[in-house]
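Accompanying notes for the structure given below.
Note: hydrogens, waters and symmetry copies are ignored here, and every other heavy atom, side chains too, is used. Here is how names work: the chains are called A, B, and so on, in the same order as the sequence lines, proteins then strands, and each is numbered from 1. Note that the structure is predicted; figures quoted are calculated from it, not measured.
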Amino acid sequence: MLTLNAIKSDPEKIIQLLSVKNFDAKNIINQILETDRLRRETQQELDKTLAEFNEISRQIGKYIKEGNKELADNIKEKADFLKTKSKEISKQLSDIEHQLDELLLKLPNTPHFSVHKGNSSEDNEIVCSYGDIVQFTNRLLPHWELASKFKIIDFELGSKITGTGFPVYKGKGAKLQRALISFFLDKAINAGYTEIQPPLMVNEASAYGTGQLPDKDEQMYFVPLDNFYLVPTAEVPVTNIYRNVILKYNELPIKNVAYSACFRREAGSYGKDVRGLNRLHQFDKVEIVQIQHPDNSYNALNEMVEYVASLLKDLQLPYRIVRLCGADLSFTSALTYDFEVYSAAQQKWLEVSSVSNFETFQANRMKLKFKDVDGTTKLAHTLNGSALALPRIMSALLENNQKNNSIEIPEAIVPYTGFNAID
RNA sequence: GGAGGAAUGGCAGAGCGGUCGAAUGCGGCGGUCUCGAAAACCGUUGUUCGCAUAUUUGUGAACCGGGGGUUCGAAUCCCCCUUCCUCCGCCA
């Protein structure tokens with residue numbers, strides 16, 4: 001969430017910035033300012049009462065020590081009164097603080113100053129494209145047909161066992177999947193990331209920390225018996241490692257990478273967008289996460305974009321980088337670059353990665369701070385990106401590399417698969 | 001799952017009803033000494049929220065795993081929860 005300080009020091013600027021996300025913050029911000037004023041007022045009253053109360057307690061202690069029991073008893077009444085009073089005010093204060101928190105949680109992150117407003121994903125800016133979109137003369141099979149032709153992914157079987165959106169990978173399909181995961185992890189480790197194997201279920205506090213709660217709870221699978229959420233992305237557990245942590249400046253940056261299965265309910269999705277591997281309830285993803293010094297977070301974002309680009313080059317997939325406009329930016333993000341690969345048979349661009357800087361938005365929620373060189377404690381910046389999400393990569397690889405009776409495996413992956421074609 | 005034990009500042013570790021935000025040691029920071037460094041010695045050392053202050057800083061409140069309770073007063077006593085350790089059982 002946004003910091004109260006940022007809102008207080010320049011409310012108009014926040015309102016203006018949030019309008020870039022098509023979010024009208026005026027009302028909420030006014031409520032926040034008013035609630036904060038009330039909060040400070042109440043706190044002063046409480047502090048005053050407690051100070052007086054502490055003083056009387058000390059007096060009583062002194063009198064008792066001196067053996068002056070009568071004097072002590074005399075002022076006990078006053079102490080009782082102050083105690084009752086402080087309890088009342090303290091209750092008021094915590095109510096007000098909750099209200100304030102709820103208001104603050106409603107505000108999305110402010111976009112980076114360079115972000116254009118736009119109205120929808122139509123207005124995203126294509127930063128660059130790489131690779132040629134080959135014009136095939138013969139009819140190409142979409143990946144779901146290839147999947148059954150080569151018996152590498154079985155969608156119906158997944159439906160039988162669980163439901164739609166839970167495919168079963170078999171034989172060389174399973175091996176290819178595993179090869180890609182290993183390849184992505186090894187690349188990240190070479191790029192300086194530390195591998196993490198996180199829990200696949202998280203508690204409520206963690207889901208709040210990265211911003212999945214309170215508003216996106218219908219997108220997560222929930223285990224009511226234990227109050228756990230299945231992770232929608234490794235970002236959640238991996239970033240929450242640092243919840244309620246104060247790092248030393250020389251511990252920054254922290255660069256972690258994690259492979260995890262990701263679980264998403266995808267409520268409201270339907271139609272041809274969900275065909276085949278395009279949108280699943282369970283899928284695999286390798287995620288990179290950085291905790292950065294605020295001065296360096298945008299350099300880090302660029303570095304992460306470069307890194308993801310290098311993966312796609314290794315896979316020899318045509319891709320483009322898209323810079324999201326305000327309207328398309330997520331609730332928590334300040335700046336996001338999406339990566340899309342071209343899937344030849346479907347003849348469309350598929351999002352395979354989303355690389356974002358959250359600045360202090362997540363850090364403020366989860367109290368992730370660091371002690372700077374000058375000794376002051378500040379909120380850190382968090383960033384993350386997919387590197388990469390498997391299903392659509394798989395989809396593009398299958399469709400783009402299909403031959404008459406086989407599918408070629410990109411050279412970079414062959415050492416991991418142990419075969420150079422699916423046939 | 002059953003039986004015990006523990007949780008204190010960056011770390012180690014005292015405190016078991018008032019003067020405790022908390023001894024002591026280590027570490028960190030600043031200084032003295034030195035050509036410089038080490039050693040030694042001296043000083044300093046957390047987080048959050050208010051208020052005052054241009055900065056520095058001063059001052060009030062809260063924080064000893066988390067939440068309740070007893071008491072004028074709780075790190076210290078009681079209850080609940082969480083986590084960790086030891087033993088037993090079960091188990092990939």
Side-chain angles (χ1 to χ4, degrees), chain A residues 1-10 32-105 197-209 223-229 237 240-252 254 261 291 360 363-380:
Chain A
M1 59 187 169
L2 297 177
T3 63
L4 190 55
N5 276 342
I7 295 167
K8 277 160 73 177
S9 66
D10 197 347
I32 286 172
L33 294 176
E34 174 56 24
T35 309
D36 177 58
R37 196 192 56 73
L38 189 62
R39 178 189 127 256
R40 296 200 321 272
E41 196 180 285
T42 312
Q43 164 120 32
Q44 281 177 51
E45 209 184 328
L46 178 64
D47 287 357
K48 224 178 79 189
T49 311
L50 286 173
E52 208 179 327
F53 177 70
N54 289 341
E55 181 50 38
I56 288 187
S57 286
R58 273 190 289 267
Q59 273 296 329
I60 292 175
K62 219 175 92 191
Y63 286 147
I64 288 178
K65 198 158 252 179
E66 288 166 359
N68 209 336
K69 197 159 179 311
E70 276 172 45
L71 272 176
D73 284 342
N74 282 345
I75 52 174
K76 274 191 185 176
E77 208 173 300
K78 183 84 186 284
D80 274 335
F81 168 74
L82 288 171
K83 188 183 180 178
T84 314
K85 187 176 168 193
S86 73
K87 276 195 172 168
E88 274 167 25
I89 303 172
S90 163
K91 171 81 170 61
Q92 279 173 31
L93 182 62
S94 68
D95 286 350
I96 293 165
E97 280 169 345
H98 279 129
Q99 281 170 32
L100 188 57
D101 253 5
E102 266 172 41
L103 287 167
L104 285 168
L105 284 170
Q197 279 196 27
L200 299 183
M201 291 193 252
V202 296
N203 57 30
E204 203 175 52
S206 292
Y208 264 98
V223 183
L225 204 56
D226 297 289
N227 270 304
F228 292 151
Y229 294 89
N240 272 284
I241 293 172
Y242 307 96
R243 176 152 47 82
N244 285 321
V245 166
I246 301 175
L247 297 158
K248 294 191 194 73
Y249 66 88
N250 57 15
E251 292 178 274
L252 297 176
I254 285 171
I291 316 289
T360 60
N364 188 36
R365 283 194 180 200
M366 67 173 86
K367 305 285 170 261
L368 194 190
K369 302 181 185 179
F370 72 100
K371 200 175 269 286
D372 210 347
V373 192
D374 62 7
T376 57
T377 308
K378 299 175 187 155
L379 291 169

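Side-chain contact, A/Glu204 with A/Tyr208: no donor N or O sits under 3.5 Å from an acceptor N or O. Looking only at atom types and distance, the side chain of A/Ser206 has a donor-acceptor partner in the side chain of A/Asn203 under 3.5 Å away.
Taking atom C1' on both nucleotides, B/C64 is separated from B/G46 by 12 Å, rounded to a whole Å. Comparing B/U44 with B/U24, their P atoms are spaced 11 Å from each other, to the whole Å. Using P as the reference atom, B/U8 and B/G65 are 6 Å apart when rounded to the nearest Å. For the C1' atom pair drawn from B/U71 and B/C78, the interatomic distance equals 12 Å after rounding to whole Å. With both ends at atom P, the span from B/A6 to B/C42 equals 37 Å, rounded to whole Å. Nucleotides B/G73 and B/C11, compared at atom P, are 32 Å apart to the nearest Å. Taking atom C1' in both B/G31 and B/U83, the straight-line distance is 43 Å, to the nearest Å. Taking atom P on both nucleotides, B/A3 is separated from B/G89 by 15 Å, rounded to a whole Å.
You'll find the side chain of A/Phe370 stays beyond 4.5 Å of the side chain of A/Ile291, heavy atoms only.
Rounded to whole Å, the distance from CD on A/Glu52 to P on B/U59 is 20 Å. Summarising the geometry, the separation between CG on A/Asn244 and P on B/C63 is reported as 17 Å, rounded to the nearest angstrom. A/Asn203 has its CG atom 13 Å from the C1' atom of B/U83, to the nearest Å. Put simply, CD on A/Glu45 is 14 Å from P on B/C51, counting in whole angstrom units. Atom-to-atom, CD1 of A/Ile56 to P of B/C72 comes out at 13 Å; the value is rounded to the nearest Å. Between the CD1 atom of A/Ile60 and the P atom of B/U19 there is a distance of 14 Å, given to the nearest Å. Rounded to a whole Å, the CZ atom of A/Arg37 is 12 Å from the P atom of B/C51. If you measure from atom CD1 of A/Ile89 to atom P of B/A62, you get 13 Å, rounded to the nearest angstrom.
Note on A/Leu46: nothing from the nucleic acid sits closer than 4.0 angstrom, heavy atoms only. Using a 4.0 Å heavy-atom distance criterion, A/Leu50 is classed as a sugar-phosphate-only contact.
Checking A/Lys48 against A/Lys248, the closest nucleotide of RNA chain B that is more toward the 5' end is the one next to A/Lys248. Comparing A/Lys87 and A/Phe53 against RNA chain B, the residue whose closest nucleotide sits nearer the 5' end is A/Lys87.
Consecutive Watson-Crick or G-U pairing (both distances under 3.5 Å) extending over three or more pairs maps onto RNA chain B as B:1-7 with B:82-88, B:10-12 with B:24-26, B:27-32 with B:40-45, B:46-52 with B:57-63, B:65-69 with B:77-81.
Of the possible donor and acceptor atoms, one in the side chain of A/Thr3 sits under 3.5 Å from a partner among the backbone N and O of A/Ala6.
Ionic pairing of A/Asp36 and A/Arg40 is present here: one or more N-O contacts between side-chain nitrogen and carboxylate oxygen are shorter than 4.0 angstrom. With respect to A/Lys85 and A/Glu88, no salt bridge is recorded, no charged nitrogen being found less than 4.0 Å from a carboxylate O.
Under the side-chain contact (heavy atoms from CB on, under 4.5 Å) test applied with A/Leu4, the options A/Asp101, A/Thr35, A/Leu100, A/Asn364 reduce to a single match, A/Leu100. Just one residue in the list A/Lys91, A/Gln92, A/Gln99, A/His98 forms a side-chain hydrogen bond (donor to acceptor under 3.5 Å, both in side chains) with A/Asp95, and that residue is A/Lys91.
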Original post:
Does the pair A/Met1 and A/Arg365 meet the rule for a side chain to side chain contact (heavy atoms under 4.5 Å, CB included), with working shown?
Top reply: CA-CA 6 Å; A/Met1 59 187 169; A/Arg365 283 194 180 200; 4.1 Å; yes

In residues 42-51 of chain A, what donor-acceptor pairs under 3.5 Å come from side-chain atoms, sequence neighbours left out?
from: A/Thr42; atom 1: OG1; to: A/Leu38; atom 2: O; distance (Å): 2.6
from: A/Gln43; atom 1: NE2; to: A/Asp47; atom 2: OD2; distance (Å): 3.4
from: A/Thr49; atom 1: OG1; to: A/Glu45; atom 2: O; distance (Å): 2.8

Under 3.5 Å, which N/O atoms of the protein pair with N/O atoms of nucleotides 45-50 of chain B?
from: B/U47; atom 1: OP1; to: A/Lys371; atom 2: NZ; distance (Å): 2.7
from: B/U47; atom 1: OP1; to: A/Thr377; atom 2: OG1; distance (Å): 3.2
from: B/U48; atom 1: OP1; to: A/Lys369; atom 2: NZ; distance (Å): 3.0
from: B/C49; atom 1: O3'; to: A/Arg39; atom 2: NH2; distance (Å): 2.2
from: B/C49; atom 1: O2'; to: A/Gln43; atom 2: OE1; distance (Å): 2.4
from: B/C49; atom 1: O2; to: A/Gln43; atom 2: NE2; distance (Å): 3.3
from: B/G50; atom 1: OP1; to: A/Arg39; atom 2: NH1; distance (Å): 3.2
from: B/G50; atom 1: OP1; to: A/Arg39; atom 2: NH2; distance (Å): 2.2
from: B/G50; atom 1: O5'; to: A/Arg39; atom 2: NH2; distance (Å): 3.1

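When the side-chain nitrogen and oxygen atoms of A/Asn54 are compared with OP1 and OP2 of B/G73, none of them lie within a distance under 4.0 Å.
Under a cut-off of 6.0 angstrom, the local environment of CD in A/Gln197 is sparse, with at most 12 non-hydrogen atoms contributed by other residues, nucleotides or ligands.
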